[in-house]
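Just so it is clear, the model here is predicted, and its values are computed rather than measured. Any value given below was found using the heavy atoms of this structure, including those in side chains, with hydrogens, waters and symmetry copies removed. Throughout, numbering of the chain's residues begins at 1 and tracks the sequence.
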Amino acid sequence: QVQLVESGGGLVQPGGSLRLSCAASGNIFRLYDMAWYRQAPGKQRDLVAVITSGGSTHYGDSVKGRFTISRNNAKNTVYLQMSSLKPEDTAVYYCNADLSRSYSDPPTNYWGQGTQVTVSS
C-alpha cells in the first residue's frame, strides 16, 4: 500500500510564510514527478508546482516568485515553501506523485488527503 501524507498547513496572516511537506511511504520502487495542487471552495483543482526526479521545476503563474518546490529523494518527500502569502492562496493543498511499485510496473498516479491553508488576518 502506498500513502502520501501532507503536513504543515494552517492559518497564517497575509504576507506570512508556511512550509508544506508530503512524505510518500509504502511499497515504492521509484518516484517520478511530484507535485502540489490546490483547490479553493467552488473552484477546480489547479497545479501549483511540479518537480521532476531530476529536480526540474515548473510553477503556476499565480505563485511564481513566491513559492518554491523541492524534494528529498532519500526521504521520498516533497516540500512547498510558500512566502508572501495572499488571501487568494487559501485552499486545500494536495500532494500528487507518479510512482512505480516494482521494476516491471508502469508509473501510477497517487494523491494525498490534502491539508488546509488559510491566509487571513
* Asked: More than 12 heavy atoms of other residues, nucleotides or ligands under 6.0 Å from CD of Gln116: is that the case?
  -> yes
Say you draw a straight line from [atom1] of [X] to [atom2] of [Y]; how long is it, rounded to the nearest 0.5 Å?
| X | Y | atom1 | atom2 | result |
| --- | --- | --- | --- | --- |
| Arg45 | Arg38 | CZ | CZ | 13.5 Å |
| Asp33 | Ile51 | CG | CD1 | 9.5 Å |
| Arg71 | Asn76 | CZ | CG | 8.5 Å |
| Ile28 | Ser102 | CD1 | OG | 12.5 Å |

Does any non-hydrogen side-chain atom of [Y] lie less than 4.5 Å from one of [X]?
| X | Y | result |
| --- | --- | --- |
| Leu47 | His58 | yes |
| Val92 | Tyr37 | no |
| Asp89 | Arg66 | yes |
| Tyr93 | Glu6 | no |
| Leu31 | Asn73 | no |
| Thr68 | Tyr79 | no |
| Arg30 | Pro107 | no |
| Val78 | Cys95 | yes |

* Kindly give the heavy-atom pair with the smallest separation between Ala35 and Ile69, and that separation in Å. => CA-CD1, 4.3 Å
* Return the minimal non-hydrogen interatomic distance between Arg101 and Asn27, and the atom names on each side. => CG-O, 3.3 Å
* To do: Walk me through it: do Thr115 and Ser7 pass the test side-chain contact (heavy atoms from CB on, under 4.5 Å)?
  => CA-CA 7 Å; Thr115 185; Ser7 60; over 6 Å; no
ILVMFWY network linking [X] to [Y], side-chain heavy atoms under 4.5 angstrom:
| X | Y | result |
| --- | --- | --- |
| Met34 | Phe67 | yes |
| Val117 | Leu80 | yes |
| Val48 | Tyr110 | yes |
| Met82 | Val12 | yes |
| Trp36 | Val119 | yes |

* Can you list the residues that meet the side chain to side chain contact (heavy atoms under 4.5 Å, CB included) rule with Lys64, with sequence neighbours excluded? -> Tyr59, Asp61
* Please list, chain by chain and in numerical order, all residues satisfying side chain to side chain contact (heavy atoms under 4.5 Å, CB included) with Asn109, sequence neighbours excluded. => Asn96, Asp98, Trp111
Distance-only criterion, 3.5 Å: show the donor-acceptor pairs between side-chain atoms of residues 13-26 and protein atoms not counting sequence neighbours.
none

